[in-house]
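For reference, the structure is listed below as structure tokens.
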Amino acid sequence: MAAGLPSDEPRVCKPGFHGRVAAAVRLVPPGRVTTYGDVAGVLGSPRVARQVGWALAALPAGSDVPWHRVINAQGRISHRGELVRASEQRRLLEAEGVLFSDSGRLDLASLRWDWPELP
DNA sequence: TTGTTGACTCCCG
DNA sequence: CCGGGAGCCAACA
């Protein structure tokens with residue numbers, strides 16, 4: 001096995017699409033949010049918003065990736081069934097100072113983070 | 001190799 | 001405002 005790269009390491013740490021997603025999301029500062037499409041666009045393909053969400057779903061528990069700062073283009077939380085996940089996401093965002101609307105929607109025009117361009 | 005799935009987005013009614 | 005359908009690409013079995 002290659003030295004310096006333990007096989008126990010999760011795939012998200014390897015150089016791949018999810019790896020870039022994790023790295024990009026990790027650059028999002030507290031109090032700001034971004035959309036799946038934006039992350040995908042910064043990665044080079046605005047069509048791969050699904051893969052961004054899929055990559056976040058593959059993140060290991062306790063990862064240093066602020067997955068809760070990633071929302072859909074509608075300014076709402078994507079739960080896809082797991083409401084527990086959405087509840088925690090909203091809680092984490094509120095803890096960072098992000099305010100939600102009555103319908104559980106937030107102001108993307110104000111909270112959407114402007115990417116400084118990713119290599 | 002192919003086929004299926006999916007934390008999305010856009011369009012239409 | 002909300003719902004349904006189609007398209008897109010990457011990872012997994």
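Numbers restart at 1 for each chain; the letters A, B, ... are given by sequence-line order, proteins then strands.
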Within the structure, does a side-chain N or O atom of A:Arg105 lie under 4.0 Å from either OP1 or OP2 of C:dC1?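 Affirmative; the distance criterion is met.
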
*A:Glu88 side, atom CD; A:Arg91 side, atom CZ - distance, nearest 0.5 Å*: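 Rounded to the nearest 0.5 Å, the CD-CZ separation comes out at 5.5 Å.
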
**Asked** Can you tell me how far the CG atom of A:Leu27 sits from the CH2 atom of A:Trp115, to the nearest 0.5 Å?
**Response**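 CH2 of A:Trp115 is found 6.0 Å from CG of A:Leu27.
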
Could you state the [atom1]-[atom2] distance from [X] to [N], rounded to the nearest angstrom?
{"X": "A:Leu43", "N": "C:dA10", "atom1": "CG", "atom2": "P", "result": "11 Å"}
{"X": "A:His79", "N": "B:dG6", "atom1": "NE2", "atom2": "P", "result": "15 Å"}
{"X": "A:Asp38", "N": "B:dC10", "atom1": "CG", "atom2": "C1'", "result": "15 Å"}
{"X": "A:Arg85", "N": "B:dA7", "atom1": "CZ", "atom2": "C1'", "result": "9 Å"}
{"X": "A:Phe17", "N": "C:dC12", "atom1": "CZ", "atom2": "P", "result": "13 Å"}

- Task: Using the side-chain hydrogen bond (donor to acceptor under 3.5 Å, both in side chains) rule, collect all pairs that involve residues 97-110 of chain A, keeping only residues at least two apart or in two chains.
- Result: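 Counting only pairs at least two positions apart or across chains, no side-chain hydrogen bond (donor to acceptor under 3.5 Å, both in side chains) contact touches residues 97-110 of chain A.
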
Tell me which nucleotide among [options] gets nearest to the side chain of [X].
{"X": "A:Asn72", "options": "B:dT9, C:dA10, B:dA7", "value": "B:dT9"}
{"X": "A:Arg47", "options": "B:dA7, B:dT9, C:dC8", "value": "C:dC8"}
{"X": "A:Leu56", "options": "B:dT9, B:dA7, C:dA11", "value": "B:dA7"}

* Would you kindly compare A:Arg76 and A:Trp54 by the position of their nearest DNA chain C nucleotide and give the one closer to the 5′ end? =>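 Comparing both residues, the 5'-ward one is A:Arg76.
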
Check your understanding: Does any N or O in the side chain of A:Gln89 come within less than 3.5 Å of the main-chain N or O of A:Val70, such that one atom is a donor and the other an acceptor?
Key ->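 Yes, the answer is positive, given that a donor and an acceptor are paired below the 3.5 Å cut-off.
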
**Study point:** Expected output: side-chain A:Arg69 to main-chain A:Val28 donor-acceptor under 3.5 Å
**Key:**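 Checked: pair present.
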
task = Pick base, sugar-phosphate or nothing for A:Ala73, based on heavy-atom distances below 4.0 Å to the nucleic acid.
result =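 Sugar-phosphate contact only - A:Ala73 comes under 4.0 Å of backbone atoms but never of a base.
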
Fill in: A:Trp113/A:Asp38 under side-chain contact (heavy atoms from CB on, under 4.5 Å): CA gap, chis, key distance, verdict
CA-CA 9 Å; A:Trp113 180 53; A:Asp38 279 5; over 6 Å; no

*asked:* Going by the rule salt bridge (charged side-chain N to carboxylate O under 4.0 Å, His left out), which residues pair with A:Arg26 if we only count those two or more places apart in sequence or in a different chain?
replied: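 Partners of A:Arg26 under the salt bridge (charged side-chain N to carboxylate O under 4.0 Å, His left out) test: A:Asp64.
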
Between N or O atoms, less than 3.5 Å apart, protein on one side and nucleotides 11-13 of chain B on the other: list the pairs.
none

